[in-house]
Amino acid sequence: MAWDDENSERDLKTALALFDWPRAEDLCRLLIQRIRREEAPLSTARALSILGLLRGAKRFDTLARVADALLQSGVRAGGVIVPYAQTLIECGYLEAAERLLDAPCTDADDAETQGLKGRILKDRYIKAGPGAAARYKAYLSRSIDAYLGAYRVNPARNYWHGINVVALLSRAQRDGVVRADGWPDAQDVAKQVLASVTPATPGPWELATALEASLVLGNLNEAERFAREFAAHPDTTAFQLGGTLRQLMEVYQLEEATAPGSRLLPLLQAALLRRPGGGLRVGTGQDGVARISPGPAPENGGTLERVFGADRFVTLKWYRDGLERCKSVARIESASEKAVGTGWLVECGALTGNGSKDLVLVTNAHVMSPQGVGGLLRPEQARARFQTGPELCRIDRVLWSFSAATYDVTVATLKALPPDAAPLPLSDATLTAPGGANGASRLYIIGYPGGGDLQLSMHDNELLGFNERCVHYRTPTEHGSSGSPVFDDEEWTVVALHHSGKKNMARLDGSGEIYEANEGILIRAIRQGIASTPALP
């Protein structure tokens, strides 16, 4: 059939807006099949619209496959090559991106191509880090020249090239790179760029550019104003927020602990968490300091967990409270440092009601259990790594352990605790039923998906149903999230212990139907199990 229908494109936009990654993946798979079967290629305009949707939601793996199919079908437009190259750059394939940009195309935008080549050179310099060989230091100068050449062709149109000139000139000065002949003054370019991107109704990229220009000009109040407008703009995507955060953190080297980063970064990080494809990763550098970076939502779930759903606004205070909770969440590892799951700290008395203030570790029994029965690790094999420290703590002894068929929980003491150890607050309050008068509740997870860095999953989180024992929800998780705390949407109190997910989970309403869902064991059910069972000797 001809390419005269737009239903699939509208369906894709809806799926991405609802964080329904499996549906978006299916739609793109069908699109690729159709691209290969239709005699006439998809129009360039439609192709760019589809690729723009995927790029905005940071679905880079899917975008690459669609763009590749388009190029194979004969669509040799520069507009298709550009987002494909951007995807390769985002995924770290700099050499492949550079070769793609050198390929012939029918409507190449030289400024766009030149800018992406400048981005490749910039990334090579930034990723090389301190102490890199001299050949990597040359990439900074070459990147400035690439951006500067494109900017001077049309300063009003190519303002994003200009702001990269500003950012890299500032970085060169901080890094002691010798100025080359012909390089302008960073503040002079910042003033020119700012004048060209502040119309009456600026778009997202214009606001992000104005933010950077104001930062370099030393006007922090204006930079914060532009950051707020950029974060709140209805057309701002996760791709734009992630790129701006990367620029501020990697090129300008801003940090959340000190100004001006303390005034700018949290605004954009909180906004990123409410966009399709947004997410944050808490990483620990070589200096042992935890740092937050923009990260994509998981593209593929693990064997037990899957990715589903919808979103809500994330306030700045709420976001910061969530970061504080990160300090109490540990990655459960084997003695050989193989990541197995997640655990978290709580006061023993909060589980037992005996008033004890001693902190204990909570995780899944299918992550750790006595003698390894039904679990991957025995206590003597397990370690709890608190990444925000980072602290590596050995298990002392198991107090309670219930199989996956009951509560799937193990509670243990640690031989030592992190210096800033704090318990997570618990709640057994009744959840709001889906479709109730006040709307469905939202649930959030902090854990170690894929055994990687600590991540906050806040962008796909609708509560689906619950009973006396467990709760179902559509919060994105991956293998490695087992044992994570499941938080409510108001006070960051733990309402459940995450333990599994299925594409064909039986609904909790007794209808006999199935759906895609993740499952957590409610805190009140765990408390009941502990109350009726003596602690292990």
Side-chain angles (χ1 to χ4, degrees), residues 16-17 52-53 55-58 86 90 115 119 122 147 151 156-168 170 186 189-256 259-280 292-297 311-320 323 456 458-459:
L16 293 173
L53 291 173
R55 180 179 62 184
K58 302 183 74 173
Q86 286 176 327
E90 291 288 338
R119 163 78 190 278
K122 175 176 70 174
Y147 281 122
Y151 175 63
R157 175 177 178 269
N158 299 336
Y159 58 83
W160 73 270
H161 303 76
I163 201 60
N164 273 285
V165 171
V166 171
L168 293 175
S170 302
V189 179
K191 292 175 184 177
Q192 296 168 11
V193 169
L194 186 60
S196 65
V197 296
T198 50
T201 56
W205 279 130
E206 292 168 316
L207 290 168
T209 301
L211 185 171
E212 287 189 53
S214 300
L215 176 65
V216 171
L217 292 171
N219 194 335
L220 184 53
N221 288 335
E222 280 294 283
E224 184 175 347
R225 179 174 70 85
F226 286 124
R228 290 183 183 278
E229 292 182 20
F230 175 50
H233 197 288
D235 296 332
T236 299
T237 66
F239 175 76
Q240 294 166 326
L241 286 161
T244 303
L245 276 166
R246 181 178 55 247
Q247 182 92 329
L248 295 176
M249 298 168 74
E250 294 185 356
V251 181
Y252 291 100
Q253 299 172 297
L254 302 190
E255 295 188 355
E256 196 174 335
S262 57
R263 292 177 60 179
L264 300 177
L265 298 182
L267 288 171
L268 304 185
Q269 288 163 339
L272 179 61
L273 293 174
R274 63 186 291 252
R275 297 311 199 277
L280 293 178
I292 301 166
S293 60
D311 184 32
R312 66 160 296 180
F313 181 72
V314 181
T315 66
L316 190 56
K317 178 182 182 302
W318 187 90
Y319 154 77
R320 285 173 168 161
L323 294 185
L456 290 76
M458 305 189 217
H459 41 290

According to the side chain to side chain donor-acceptor pair (under 3.5 Å) rule, which pairs have a member within residues 208-217, sequence neighbours left out? Glu212-Gln247, Glu212-Tyr252
Residues which pass salt bridge (charged side-chain N to carboxylate O under 4.0 Å, His left out) with Arg263, listed by chain and number, not counting sequence neighbours: Glu224
Are Glu222 and Leu217 close enough that some pair of their side-chain heavy atoms sits under 4.5 Å apart? no
Hey, could you give me each pair passing salt bridge (charged side-chain N to carboxylate O under 4.0 Å, His left out) that has a residue in residues 193-203? Not counting sequence neighbours. none
With sequence neighbours left out, write down each residue that passes side chain to side chain contact (heavy atoms under 4.5 Å, CB included) with Trp205, or none if nothing qualifies. Tyr159, Ala208, Phe239, Gln240, Thr244
Salt bridge (charged side-chain N to carboxylate O under 4.0 Å, His left out) partners for Glu90, two or more places apart: Arg119, Arg246
Non-hydrogen atoms of Leu16 and Leu53 that approach each other most closely: CD1-O, 3.5 Å
Between Glu250 and Gln253, the two heavy atoms sitting closest are O-CG, 3.8 Å
Which pairs would a plain distance check flag for residues 189-204, meaning a side-chain donor or acceptor within less than 3.5 Å of a matching protein atom at least two apart in sequence or in another chain?
residue : atom : partner : partner atom : Å
Gln192  : OE1  : Tyr151  : OH           : 3.4
Ser196  : OG   : Val193  : O            : 2.8
Thr198  : OG1  : Leu194  : O            : 3.1

Can you tell me how far CG of Leu245 sits from CG of Leu267, rounded to the nearest 0.5 angstrom? 10.0 Å
Heavy-atom closest pair, residues Pro260 and Leu220: CB-CD1, 3.4 Å
Rounded distance (nearest 0.5 Å) linking atom CG of Asn158 with atom CG of Asn164: 11.5 Å
Quick one: CZ on Phe230 to NE2 on His233, what's the gap to the nearest 0.5 Å? 10.0 Å
Could you report the tightest heavy-atom contact between Leu248 and Leu215, atom names first, then the distance? CD2-CD2, 3.9 Å
Can you tell me how far CZ of Arg228 sits from CG of Leu264, rounded to the nearest 0.5 angstrom? 9.5 Å
Check Ala231 against Ala271 and note the closest heavy-atom contact, atom names and distance. CB-CB, 3.6 Å
Please report the interatomic distance CG(Leu168) to CD1(Ile163), rounded to the nearest 0.5 Å. 10.5 Å
